[in-house]
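Note sheet for the following structure.
Worth saying up front: this structure is predicted, and the values here are computed from it rather than measured. By convention here, the first residue in the shown sequence is residue 1.
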Amino acid sequence: MNKVLKEIKKLIDESISKYLPDVKSSDLEENGNIYYMNGKNGTEFDWYVNEHISDFMVFYGDETNLGALKLTLYSDGNVLIYVYGDKGNKIVQKIETTMNITKQEMLDLAVMLKEEADDKKIFDKSIDKIDSDTKVSEDEINEFINDEKYFEKMRVRKKMFNLKAIVSAKITKEGYKVGYMVRYNPHDAEDSGWQFLAGNEEQNYLNDIKNIELLPLAYVSNLDPDVLKHIDNPIGTKLIRISSNEFEIDKQNKKIYVEKRNRNEDK
């Protein structure tokens, strides 16, 4: 087994033994086998966008099959472990530690997992199913490194999701879709520059601070996914909604299409 995977297995076994002393191996899925959870994003996406390889998990073996432990290994060697008690229903321990591995060993591990798991369609399976003794070649490493360019837009977008935007309460409290979106120069490093309005606000309404909220872009895009395709647009962008799901550049020759969301979608 790969050296780093051996260390991961050791950390997991020690954590379960220490923080879940009453849990026997027979209580766990496949007697406590460790699963490499690459089925959601894939190794390359997690490496380049989330800055870690896909998570490692151990599951309870009952009908609900909830997690007993999740380990995340970041590309800088830091490790975050969550241990779940009560059959997976509550966190009993959060562990932050580091692994004594080089950057090259981390990269080799990511490349190996991409080659031997993702590329062979082995998703969310026990690490025992992965041929982790395989040595990666220089060509495979270079190909992996060159693939970084395909994830740049997603990485930028992820960072943007954490930035703040000015949002009208017509959207957050009254249930309107975004009807008008404009991007100004950001005030600081936490500001996206975006402002989102329903399109039916009077100026007096906007002048009242109680009707304006400062929220992460991720929150706005969850409320109204129609804005997602536009949030990468540059400073100076002004868009109006022209239908239930379309925006276009505001040329001030059309009325804003104002519509409420289906509130069931907010739940």
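Note: F56 and Y36 meet the aromatic proximity criterion, with ring centroids under 6.0 Å apart.
Take F45 and apply the ring pair (Phe, Tyr, Trp, His ring centres under 6.0 Å) test, not counting sequence neighbours, and it matches no residue. Applying the side chain to side chain contact (heavy atoms under 4.5 Å, CB included) test to D119 and every residue at least two apart in sequence or in another chain returns K114, E115. Not counting sequence neighbours, Y82 has no partner by the ring pair (Phe, Tyr, Trp, His ring centres under 6.0 Å) test. D224 is linked by a salt bridge (charged side-chain N to carboxylate O under 4.0 Å, His left out) to R241, counting only residues two or more places apart in sequence or in another chain. Taking Y74 as the reference, H52 meet the ring pair (Phe, Tyr, Trp, His ring centres under 6.0 Å) condition, with sequence neighbours excluded. With sequence neighbours excluded, no residue satisfies salt bridge (charged side-chain N to carboxylate O under 4.0 Å, His left out) with K70. Qualifying salt bridge (charged side-chain N to carboxylate O under 4.0 Å, His left out) partners for E148, counting only residues two or more places apart in sequence or in other chains: R155. Listed by chain and residue number, K120 satisfy the salt bridge (charged side-chain N to carboxylate O under 4.0 Å, His left out) test with E116 (two or more places apart in sequence, or in another chain). Under the ring pair (Phe, Tyr, Trp, His ring centres under 6.0 Å) criterion, Y48 pairs with F144, F151, sequence neighbours left out.
A donor-acceptor pair under 3.5 Å is absent between the side-chain atoms of N41 and the main chain of D46, judged by distance alone. Although no hydrogens or angles enter the test, the distance criterion places no donor-acceptor pair under 3.5 Å between the side chain of K153 and the main chain of Y150. Judged purely by atom type and a 3.5 angstrom limit, D124 uses its side chain to pair as donor or acceptor with the backbone of N38. Under a 3.5 Å cut-off, the side chain of D191 and the backbone N or O of H187 do form a donor-acceptor pair. Judged by distance alone, with hydrogens and angles left aside, the side-chain atoms of S192 form a donor-acceptor pair with the main-chain N or O of K164 at under 3.5 Å.
Using a 4.5 Å heavy-atom threshold, the side chains of K87 and L66 count as separate. Within the 4.5 Å cutoff, side-chain heavy atoms of I8 are placed close to those of L73. The side-chain heavy atoms of W194 and N233, taken from C-beta on, include a pair separated by under 4.5 Å. Put simply, the side chain of M181 does not reach to within 4.5 Å of the side chain of Q195, judged on heavy atoms.
Between the side chains of T64 and D62, at least one donor-acceptor pair of N or O atoms lies under 3.5 Å.
Other residues, nucleotides and ligands place more than 12 heavy atoms under 6.0 Å from the CG atom of D86. Counting non-hydrogen atoms of other residues, nucleotides and ligands closer than 6.0 Å to CD of Q93 gives a total above 12. The 12-atom threshold is not exceeded at NZ of K255, counting heavy atoms of other residues, nucleotides or ligands nearer than 6.0 Å.
Identified under the side-chain hydrogen bond (donor to acceptor under 3.5 Å, both in side chains) test for residues 15-28, with sequence neighbours left out: none.
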Taking distance alone, no hydrogens or angles, what donor-acceptor pairs closer than 3.5 Å link side-chain atoms of residues 206-213 to residues at least two apart or in another chain?
residue : atom : partner : partner atom : Å
N207    : OD1  : Q203    : NE2          : 3.0
N207    : ND2  : Q203    : O            : 3.3
D208    : OD1  : K210    : N            : 3.0
N211    : ND2  : Y205    : O            : 2.9
E213    : OE2  : T172    : OG1          : 2.4

Could you list the donor-acceptor pairs under 3.5 angstrom formed between side-chain atoms of residues 246-253 and any protein atom two or more places apart in sequence or on another chain?
residue : atom : partner : partner atom : Å
E246    : OE1  : S243    : OG           : 3.0
E248    : OE1  : K254    : NZ           : 3.3
E248    : OE2  : K254    : NZ           : 3.2
D250    : OD1  : Q252    : N            : 2.9

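Salt-bridge check for K170 with E201: failed, with every basic side-chain N at 4.0 Å or more from each acidic carboxylate O.
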